[in-house]
Amino acid sequence: MANAPSLIEVDHVFKTYPVADRGERLVLDDLNFRLVPGEIVAVLGKSGSGKSTFLRLIAGLSEPSNGEVRYRGQTVKGPVRGAGMVFQSFALFPWLTVLGNVELGLEAMNVPKEERRKRAEAAIDLIGLDGFESAYPKELSGGMRQRVGFARALVINPDILLLDEPFSALDVLTAETLRGDLVDLWQDRKIPTQSILMVSHNIEESVEMADRILVFSSDPGRIRAEIRVPLPRPRDWNSPGFRSIVDQVYTLLTTTPGGAAGKRARGEPGAQQAEGQEFAVRIPDAPQQQLSALIDTLMEDRYRGRADLPDLAEYQNLSVDDLFVLLDGMQLLGFAHVGGGDVELTAAGKAFSDAEMDERKAMFRNHLLRNVPLAAHIQKVLQERPNHRAPAQRFLTELEDHMSEEWASDTLDRLINWGRYAEIFAYDYDTETFRLEEPEEV
């Protein structure tokens with residue numbers, strides 16, 4: 001396979017996005033990759049690592065800022081005709097039947113009507129929806145709607161099948177069945193697709209399906225590691241070889257790479273901030289209630305303050321994205337340490353679990369003010385103002401000097417939820433105004 005001609009080549013690709021009017025944010029940093037016939041490749045990384053952006057570049061739905069993407073040796077300058085794509089959302093037109101949705105891509109390719117119908121019916125039959133040609137999306141279950149998405153991608157006979165978290169919106173059993181059916185079609189050569197490239201947030205799913213796994217680091221996205229999966233199919237999730245690869249991926253995702261932090265575009269979160277602007281750090285989307293629940297889980301007899309992440313994810317039925325965002329929140333607040341595929345509560349995290357409700361609130365407040373400079377900055381501004389009030393736009397403007405408008409808005413919203421729970425301030429969504437609020441005595 002190493003000497004096989006490439007279907008896709010990604011050559012020193014960078015992707016940046018503008019940040020307000022003050023620079024650019026580096027999303028993907030110097031990616032190099034080749035996809036050859038006869039392989040399934042999975043892409044894993046934390047939320048925000050640029051996985052979906054990477055897939056869109058390969059599909060020709062986005063252009064690199066620097067570098068080149070090639071399909072069969074030709075520079076990609078628009079949608080790749082040899083690629084079919086399946087999205088996380090079902091993305092079906094509700095006014096079209098199953099047959100109409102599957103025919104749509106062929107119609108855009110100016111395929112004659114009779115041939116369209118014949119190929120669409122064959123794809124529907126292949127994917128297990130024979131008999132539902134005249135049904136509308138509203139009549140179908142989630143799994144059946146996603147099968148329509150697969151049929152629509154396969155009907156154009158693509159060289160490459162690009163999957164953007166196609167199983168994430170499905171329940172566990174439906175996702176398992178659909179994954180198994182797709183791998184069976186692939187192995188039995190019942191589909192013309194030569195290679196599959198899939199973005200996933202499910203580590204076990206990736207180990208089950210892929211021949212190799214690309215592990216992305218975040219801020220900016222880089223290919224940190226490539227892991228080969230030499231296990232024969234079908235793969236047993238409980239086998240030692242399978243669990244060993246799962247543990248290897250978790251370790252990579254939770255261990256900070258050694259050496260230099262790497263290049264960061266101006267205005268990128270995590271880059272060195274100007275004096276007085278150190279509060280411009282992204283806050284994870286980790287609701288306080290879920291943080292508290294996970295801390296309590298870690299203090300159960302099953303874990304006693306320390307947990308293996310694969311076991312914790314399975315026990316709590318959490319995806320990689322959902323688990324890691326909570327772990328990021330716990331680390332940011334100083335309640336846990338994460339590394340080497342494990343999470344361990346700090347002394348503060350254990351004390352938080354043992355505390356009563358009012359004590360928890362006070363601890364959360366102290367850790368928020370100590371570890372999240374944005375919270376302390378807002379409190380300081382409110383204390384200094386005579387009326388102890390300030391508009392949200394004042395802080396948004398400051399954040400937008402160092403991150404995109406979307407990230408700035410998300411960061412402030414998440415800080416508002418944490419700060420209100422901690423009673424650092426009150427917030428009026430109607431007037432978009434912060435107001436100083438002293439906590440009750442505890």
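- Of all heavy-atom pairs spanning P137 and R145, the tightest one is O-CD, 3.5 Å.
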Step-by-step side-chain contact (heavy atoms from CB on, under 4.5 Å) determination, R365 to Y421: CA-CA 8 Å; R365 172 189 172 91; Y421 167 76; over 6 Å; no
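- By the neighbour-count criterion of 12 heavy atoms within 6.0 Å, atom CD of E63 is sparsely surrounded, having that number or fewer from other residues, nucleotides or ligands.
- Remark: D428 does not engage R435 in a salt bridge, criterion side-chain N to carboxylate O under 4.0 Å.
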Trace of the salt bridge (charged side-chain N to carboxylate O under 4.0 Å, His left out) decision for D296 with R360: CA-CA 12 Å; D296 288 341; R360 284 189 172 198; 2.5 Å; yes
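- What you find for A313 and L323 is that their closest heavy atoms are CB-CD2, 3.9 Å.
- Side-chain N/O atoms of S244 and D247 include no donor and acceptor closer than 3.5 Å.
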Chi angles and distances behind the side-chain contact (heavy atoms from CB on, under 4.5 Å) call for I124, V155: CA-CA 9 Å; I124 291 168; V155 76; over 6 Å; no
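- Inspection of the D308 and Y250 side chains reveals no N or O donor paired with an N or O acceptor under 3.5 Å.
- Of the residues E165, K51, K46, the one that meets the side chain to side chain donor-acceptor pair (under 3.5 Å) test with H201 is E165.
- Between E9 and R34 there is no salt bridge, since no side-chain N of the basic residue sits under 4.0 Å from a carboxylate O of the acidic one.
- Around the OH atom of Y303, the shell of radius 6.0 Å holds more than 12 heavy atoms that belong to other residues, nucleotides or ligands.
- A donor-acceptor pair under 3.5 Å links the side-chain atoms of R147 to the main chain of I127, judged by distance alone.
- Remark: side-chain polar atoms of Q146 are paired, donor with acceptor, to backbone N or O of F87 under 3.5 angstrom.
- Counting heavy atoms from C-beta on, the side chains of L61 and M85 come closer than 4.5 Å.
- Rounding to the nearest 0.5 angstrom, the gap separating the CD1 atom in I196 from the CE atom in M209 is 5.5 Å.
- Few gaps surround CZ on R306; more than 12 heavy atoms of other groups in view lie less than 6.0 Å from it.
- Of the charged side-chain nitrogens involved, none lies within less than 4.0 Å of a carboxylate oxygen, so that K361 and E356 do not count as a salt-bridged pair.
- Remark: the backbone N or O of I424 is not paired with any side-chain donor or acceptor of Q379 at under 3.5 angstrom.
- Contact of the V80 side chain with the I160 side chain is not registered, since no non-hydrogen atoms from C-beta on lie closer than 4.5 Å.
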Check against salt bridge (charged side-chain N to carboxylate O under 4.0 Å, His left out), E344 and K350: CA-CA 10 Å; E344 183 173 12; K350 294 176 181 178; 5.0 Å; no
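- To the nearest 0.5 Å, atoms CG (L214) and CD1 (I227) are separated by 9.5 Å.
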F425 and Y427: CA distance, side-chain angles, deciding distance, ring pair (Phe, Tyr, Trp, His ring centres under 6.0 Å) verdict: CA-CA 7 Å; F425 50 71; Y427 184 76; 7.6 Å; no
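- Using cut-offs of 30° and 60° for the angle between ring planes, the F352 and F364 rings count as tilted.
- A salt bridge is defined here as a Lys NZ or Arg NE, NH1 or NH2 lying under 4.0 Å from an Asp or Glu carboxylate O, and R179 with E208 meets this definition.
- In terms of heavy-atom proximity, V229 sits nearest to A210 at CB-O, 3.3 Å.
- Between the CG atom in L326 and the CD atom in Q331 there is a gap of 12.0 Å [rounded to 0.5 Å].
- Side-chain atoms of L231 and I245, non-hydrogen and from C-beta on, do get closer than 4.5 Å to each other.
- Rounded to the nearest 0.5 Å, atoms CG (L44) and CG (N202) are 8.5 Å apart.
- With contacts defined as side-chain heavy-atom distances shorter than 4.5 Å, the pair V381/I378 does not qualify.
- At a threshold of 4.5 Å between non-hydrogen side-chain atoms, the residues I58 and F33 count as touching.
- Annotation: N317, atom CG; neighbour count of heavy atoms from other residues, nucleotides and ligands within 6.0 Å does not exceed 12.
- The side chain to side chain donor-acceptor pair (under 3.5 Å) test applied to K15 returns S62, not counting sequence neighbours.
- Side chain of H12 to main chain of G67: no donor-acceptor pair is present (N/O by atom type, distance under 3.5 Å, no hydrogens or angles).
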Verdict with supporting geometry, V36 and I8, side-chain contact (heavy atoms from CB on, under 4.5 Å): CA-CA 7 Å; V36 300; I8 289 289; over 6 Å; no
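- Panel note: side chain R414, backbone I283; a donor-acceptor pair is recorded below 3.5 Å.
- A heavy-atom distance below 4.5 Å is found between the side chains of V10 and F54.
- For the atom pair CE of M363 and CG of D354, the computed distance is 9.0 Å after rounding to the nearest 0.5 Å.
- The backbone N or O of H367 sits less than 3.5 Å from a side-chain atom of N371, completing a donor-acceptor pair.
- Proximity of a side-chain donor or acceptor of D29 to a complementary backbone N or O of R222 within less than 3.5 Å is not detected.
- Taking a cutoff of 4.0 Å between a charged side-chain nitrogen and a carboxylate oxygen, R282 and D328 do not qualify as a salt bridge.
- Using modelled atom types, no side-chain atom of R152 and backbone atom of L104 make a donor-acceptor pair closer than 3.5 Å.
- Every pair passing salt bridge (charged side-chain N to carboxylate O under 4.0 Å, His left out) that includes a residue from residues 368-393 is listed here, sequence neighbours excluded: K380-E384.
- Side-chain contact between L140 and V148: present, with at least one pair of heavy atoms (C-beta onward) separated by less than 4.5 Å.
- Using a 3.5 Å distance cut-off with no hydrogens or angles, the side chains of S195 and E39 do not pair a donor with an acceptor.
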S239 vs R243, side-chain contact (heavy atoms from CB on, under 4.5 Å): CA-CA, chis, key distance, verdict: CA-CA 6 Å; S239 70; R243 300 316 306 176; over 6 Å; no
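- The two residues A153 and V86 come nearest to each other via the heavy atoms CB-CG2, 3.7 Å.
- Atom OH in Y71 sits 10.5 Å away from atom CG in L35 (nearest 0.5 Å).
- Side chains of F167 and T177 form no contact here, defined as non-hydrogen atoms less than 4.5 Å apart.
- Taking each heavy atom of L252 and A225 in turn, the nearest pair found is CD1-CB, 3.7 Å.
- When atom types are taken as modelled, the side chain of N101 and the backbone of L96 share a donor-acceptor pair closer than 3.5 angstrom.
- Closest of all the heavy-atom pairs between A390 and L382 is N-CD2, 3.6 Å.
- The main-chain N or O of I40 is found under 3.5 Å from a side-chain atom of D211 such that the two form a donor-acceptor pair.
- Scored by the side chain to side chain donor-acceptor pair (under 3.5 Å) test, Q290 finds no partners at all (sequence neighbours excluded).
- Residue-environment remark: CD (E139) exceeds the threshold of 12 foreign heavy atoms within 6.0 Å.
- Side chains of S409 and E405: no donor on one and acceptor on the other come within 3.5 Å.
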